Amino acid sequence: MRNRLLIGTTLALMAGWLLPVLTNVAAQTPAAQAPAYRAPRTPDGKPNLNGIWQTMNTANWNIEAHPAGPSPVRELGASGAVPAGLGIVDGGEIPYLPAARKKQQENYANRLKLDPEIKCYLPGVPRSTYQGMPFQIIQSTKHIMLIHEFAGAVRTVYMTDQTEAPADSWMGWSNGRWEGETLVVDTKGFNDLSWFDRAGNFHSDALHVVERFTPRSAETINYEVTIEDPKVFSRPWKMSMPLYKHVERNAQILEFRCVEFVEDLLYGHLRKQPAK
Amino acid sequence: MTRAWAPTRGARRWLLGVVAAFLAASALSAQQTAVPNTARPYKAPRTPDGQPDIQGFWTNSTYTSLERPDGVTKTYYTPAEAEAAIKLAIQREGAQTEPGTTADVHYDFSQFGLDRSQSLFVRNLRTSLIVDPANGKIPPLTEEGKRRTAQRAEEQKKLGGRWDSAESNQLDDRCLIMAGPGPPMMDAGYNSNYQIVQSSGVVMILTEMIHDVRIVTLDGRPQPDAKVRQWMGVSRGRWEGETLVVETTNFNGKNPFRGSDENLKVIERFTRLADDTIEYKFTIDDPTMWTRPWTAESAMKKTVGPIFEHACHEGNFGLYNTLVGARLEEKKAAEEALKKGSK
């Protein structure tokens, strides 16, 4: 009896282990790999995404695969050097239109002057997600807030009172819906000023971003993004990565009011010089 | 919105004028904010997890000044006096737009949203937001408070004139922080709008001005190490019946509230009194600076959302242009002095 139970349990466990493995073989994207995890529910019955999340990759340096490299600022030496990354772009390469790839290369060459992150500008989407600092999801029935540490960037995802973007903005205008376990956030109304990373990957004001947040365990979310921008890319393309939850009991989003840290950089040349 | 850079400078000047001269407030919702409530028949709706629901879009825009104007001795205006005070306040607010004046060139207050009277604002019969001390005034500074105030003025002087550098300019012109987010949350001059979202164990308050977000934790956790210092401090909250009580410490002291310092503790009380009203009380406790704590009372009125992105720093042409202008004027003055010298 006891043995039979043990064998039964073992078989069940093996099946549970094998099934995802077998599915993996056919899978093309991480979403397809996702086991059928059912997230705990909020009091109003939705998958509970509340918490402080962060990515663990080098996408903010370059969303495409890249080798390690020296620091763009000589004085920072190894502490500012670029770690290698396997890339988060599905299929490996961003499908730029030829002129756009050239512009990306120019952006890269002039990145110390042009990267909006250096100026403490709002990071745009989806860079805000993988920029490297934590962000908090605060979920209510009508609004889901995405609150980022970097520059205090914030997005309201409208779940009910949805409208078109009233005007262009850095963080866009986000409307959301639930598709089973997945929160789907549809964002438009971007300006053309934010970048995707420090490598000069960019978009235009025709950018349309669709993000899919699918819980894959109590402490991880599969995060998939579809990027569409016919002025810059030859076809829609995808990024994907996991989000990891902060489990420290005292975790909280702290202030990173970086305007103060860039004033000398942006306005220092306009400082009054002492009389000669 | 990127127009933000323009009004900030004027807003500060205008606020000063408002504070100095305004006698504030009207009759319409006096029963909600001005008269002490003995019975509260209203019970707020509940969030799915059972908190009193204070979610939505709110404004604390008001013509009522924090301190009681000089010469006024009573606690409440009559409805007629309050209306007259508001009328006068609106006149002064609009005075900047007189055609042909410098202020008019700077920007036009009749532009929608800049003049408080064109949007919803909180009406109140009170002659000041301060309810304790009873004279409606901020209590006297301590000796240490006087010393620190003088020291702060000295440090500001060392930074130079307002247009000497970005760092010597005002916090709002620099898009660092404005009057709205606090805490305490105060009328910001314009766009005094807030969005509140509640979830399990947390209340989030988004201030329209510079998209400042405050996340109030409700799980009883202690304040972080005293070395963690923030512009908006660190806020911890709890529900006491129908009232959300929020205590904030760990300020960095760089955005003084009426002269407060880094030992400031702010205790706020949010109580929903009606579908369209949250009573907002706050106590300022900074024993380094003041001889006693003091308390003010105002309200937040339900307003129409949504709130649009206020990318202040990203569009801060005003700061850049004023610095460029100041350097050009210096150059011109130097050239003229040289010309005079060579004659």
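Keep in mind that this is a model prediction, so the values were computed, not measured.
Looking at A/C120, the atoms closer than 4.5 Å to chain B (heavy atoms on both sides) sit in the backbone and in the side chain alike. Using a 4.5 Å cut-off between heavy atoms, A/L254 contacts chain B through both its backbone and its side chain. At a 4.5 Å heavy-atom cutoff, the contact between B/L206 and chain A is made by side-chain atoms alone. Contacts of A/D168 with chain B are made by backbone atoms alone, with heavy-atom separations under 4.5 Å and no side-chain atom involved. If you measure heavy-atom distances from B/I215 to chain A, the contacts under 4.5 Å come from the side chain alone. Interface remark: A/M145 contributes side-chain atoms only to the contact with chain B (heavy atom separation under 4.5 Å). Both the backbone and the side chain of A/L122 come within contact range of chain B, each with at least one heavy atom under 4.5 Å from a heavy atom of that chain. Heavy-atom distances place the backbone of B/Q198, and not its side chain, under 4.5 Å from chain A. Using a 4.5 Å cut-off between heavy atoms, B/P222 does not touch chain A at all. With a threshold of 4.5 angstrom between heavy atoms, A/A167 approaches chain B through its backbone and through its side chain. Proximity to chain B is absent for every atom of A/N48, based on heavy atoms less than 4.5 angstrom apart. For a residue to count as touching a neighbouring chain, one of its non-hydrogen atoms must lie under 4.5 Å from one of that chain's; by this rule A/R155 does not touch chain B. Contacts of B/R221 with chain A are made by side-chain atoms alone, with heavy-atom separations under 4.5 Å and no backbone atom involved. Heavy atoms closer than 4.5 Å to chain B are found in both the backbone and the side chain of A/D44. Heavy atoms closer than 4.5 Å to chain B are found in the side chain of A/T156, but not in its backbone.
Classification of A/R127 and A/E117 as a salt-bridged pair holds, one side-chain N sitting under 4.0 Å from a carboxylate O. By the 4.0 Å N-to-carboxylate-O rule, B/E268 lies close enough to B/R214 to be salt-bridged with it.
No other option in A/R257, A/H143, A/Q139 has as many heavy-atom pairs under 4.5 Å with chain B as A/R257. For the set B/S165, B/A166, B/G56, B/S199, the count of heavy-atom pairs under 4.5 angstrom toward chain A peaks at B/S199. Ranked by heavy-atom pairs shorter than 4.5 Å toward chain A, the options B/M232, B/K254, B/H211 are led by B/H211. Considering only heavy-atom pairs separated by less than 4.5 Å from chain B, the leading option among A/N250, A/L266, A/I138 is A/I138. Contacts with chain B were tallied for A/A153, A/S169, A/S140; A/S169 has the most, counting heavy-atom pairs under 4.5 Å.
Only one option out of A/F150, A/F190, A/Y121 pairs with A/W170 in a ring-ring contact (aromatic ring centres under 6.0 Å, His included); it is A/Y121.
Remark: the backbone N or O of A/S204 is paired with a side-chain donor or acceptor of A/D229 at under 3.5 angstrom. Of the possible polar contacts, one joining the B/Q223 side chain to the B/V234 backbone as a donor-acceptor pair under 3.5 Å is found. Looking only at distances, a side-chain donor or acceptor of B/R272 sits under 3.5 Å from a matching main-chain atom of B/A274.
Across every non-hydrogen atom of A/S174 and A/T187, the tightest pair is OG-OG1, 2.8 Å.
Looking at heavy atoms from C-beta onward, B/M185 lies in side-chain contact with B/I205 at the 4.5 angstrom threshold.
A cation-pi arrangement, defined by a distance under 6.0 Å to the six-membered ring centre and an angle within 45 degrees of its axis, is present between B/K302 and B/W58.
Separation of the A/Y158 and A/W173 ring centroids falls under the 6.0 Å cut-off. A/F135 and A/H246 have their aromatic ring centers separated by at least 6.0 angstrom. The six-membered or imidazole ring of A/F256 lies near that of A/F261, with a centre-to-centre distance under 6.0 Å.
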